[in-house]
Amino acid sequence: MYLKKKIKKIYPVVLFVYNRPIHTKKVILSLKKNYLASNTSLYIFSDGPKNKDDKRKVNEVRKIINSIDGFKKTKVFQKQKNIGLKNSIKLGITKIIKKYGAVIVLEDDIITSPSFLYFMNYSLNFFKNRSKIWHINGWNLNLKNKKFNKTFFYRTMHCWGWATWANKWKNFNDNINEIENKIDKKIIYRLNNNGAENFYWQFLANKKSLINTWAIFWYLTIFLNKGLCLSPLSSFTKNIGLDGSGEHSVKDLFSDDHSELNNSFSYDYPKEEVENRMVFKKIYNYYKIKNSLKNKILNKIYLNFKVLS
């Protein structure tokens with residue numbers, strides 16, 4: 001059990017923003033309320049506008065991020081031209097992680113609980129030299145179950161508030177041909193949580209240049225290296241961007257992010273560095289039912305649309 005013990009090293013937060021001033025402001029306000037915020041260095045990467053329409057909102061965001069207080073240090077990096085979220089993430093994390101050895105990562109639509117930074121920093125220190133642990137999730141389905149520990153190991157990487165170390169991030173691989181040569185049907189099945197979800201479509205969509213994202217490649221990097229992710233049983237973060245305002249998102253009527261934030265400073269770590277089978281089964285069953293229902297609803301909407309048209 002860990003309750004506000006002294007933390008050996010406090011790692012920086014890297015925040016990526018673009019053209020959502022309202023979301024950005026909420027994210028920063030929630031982060032400022034964190035225990036350890038005043039001890040934390042905040043690095044913000046602001047991508048340049050794609051067009052004239054985006055320029056006004058990008059400038060609004062920059063007014064907000066250039067007037068931040070409440071942190072140990074704040075530094076803003078502003079791009080004049082748009083490089084896209086994937087490149088911004090890759091370059092930004094790599095730049096800061098080289099200096100500090102580990103980073104905590106947020107995007108402009110992820111609000112945090114007051115205990116988020118404590119959980120991330122304590123976990124980064126605790127698992128620093130563990131070769132099997134590659135990533136720390138801030139978000140997960142809220143699985144309220146007294147039989148489970150408050151944290152668990154899991155194959156899946158979530159990017160709604162997360163952290164990692166330099167010796168793991170250096171392996172990041174987004175080379176589509178290299179990855180394709182390493183995967184087969186069995187690997188894809190396990191990557192997709194034994195068929196309950198479909199993460200692999202993101203890889204295929206990137207291959208076909210339909211999207212240009214980074215998260216699936218980080219997940220694949222972890223997965224193909226047989227890494228594990230530490231996850232909280234109850235989420236320290238919440239995604240407020242599932243409203244169609246994001247670069248790669250549409251309004252999500254099936255979002256899993258309706259729960260209350262985890263404000264606890266008390267949690268325990270798993271004793272064995274293996275995926276928790278009981279928790280995995282719970283997650284598997286949830287998504288199996290959810291995705292089945294989601295597909296039925298989407299199919300019904302599609303059929304009705306076809307009839308009307």
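For W214, the ring-ring contact (aromatic ring centres under 6.0 Å, His included) partners are W162, not counting sequence neighbours. Under the ring-ring contact (aromatic ring centres under 6.0 Å, His included) criterion, F152 pairs with Y154, not counting sequence neighbours.
I83 forms part of a hydrophobic cluster together with L91, judged by ILVMFWY side-chain heavy-atom separations under 4.5 Å.
By the 4.5 Å heavy-atom criterion applied to side chains, L224 and I183 are counted as neighbours. For the pair F116 and L261, the minimum side-chain heavy-atom distance is 4.5 Å or more. Inter-residue side-chain proximity for Y11 and I97 is flagged as unmet; no heavy-atom pair is nearer than 4.5 Å. Contact of the D174 side chain with the K86 side chain is registered, since non-hydrogen atoms from C-beta on lie closer than 4.5 Å. In this structure the side chain of I187 reaches within 4.5 angstrom of the side chain of F223, judged on heavy atoms.
For F203 and Y200, the distance between ring centers is under 6.0 angstrom. Centroid-to-centroid, the aromatic rings of Y18 and F16 stay 6.0 Å apart or farther.
In summary, the side chains of N206 and T213 do present a donor paired with an acceptor at a separation below 3.5 Å, with no hydrogens or angles considered. For the residue pair S266/S264, the side-chain donor-acceptor check at 3.5 Å is not satisfied.
Using bins of under 30°, 30° to 60° and over 60° for the plane-to-plane angle, the ring pair Y219/F199 lands in the perpendicular bin. The aromatic rings of Y118 and F265 sit perpendicular, their planes meeting at an angle over 60°, well past the 30° parallel limit.
Rounding to the nearest 0.5 angstrom, the gap separating the OG atom in S113 from the CZ atom in F119 is 10.0 Å. Distance OG1/T156 to NE2/H135: 10.0 Å, rounded to 0.5 Å. Atom CG in L233 sits 10.0 Å away from atom CG in L141 (nearest 0.5 Å).
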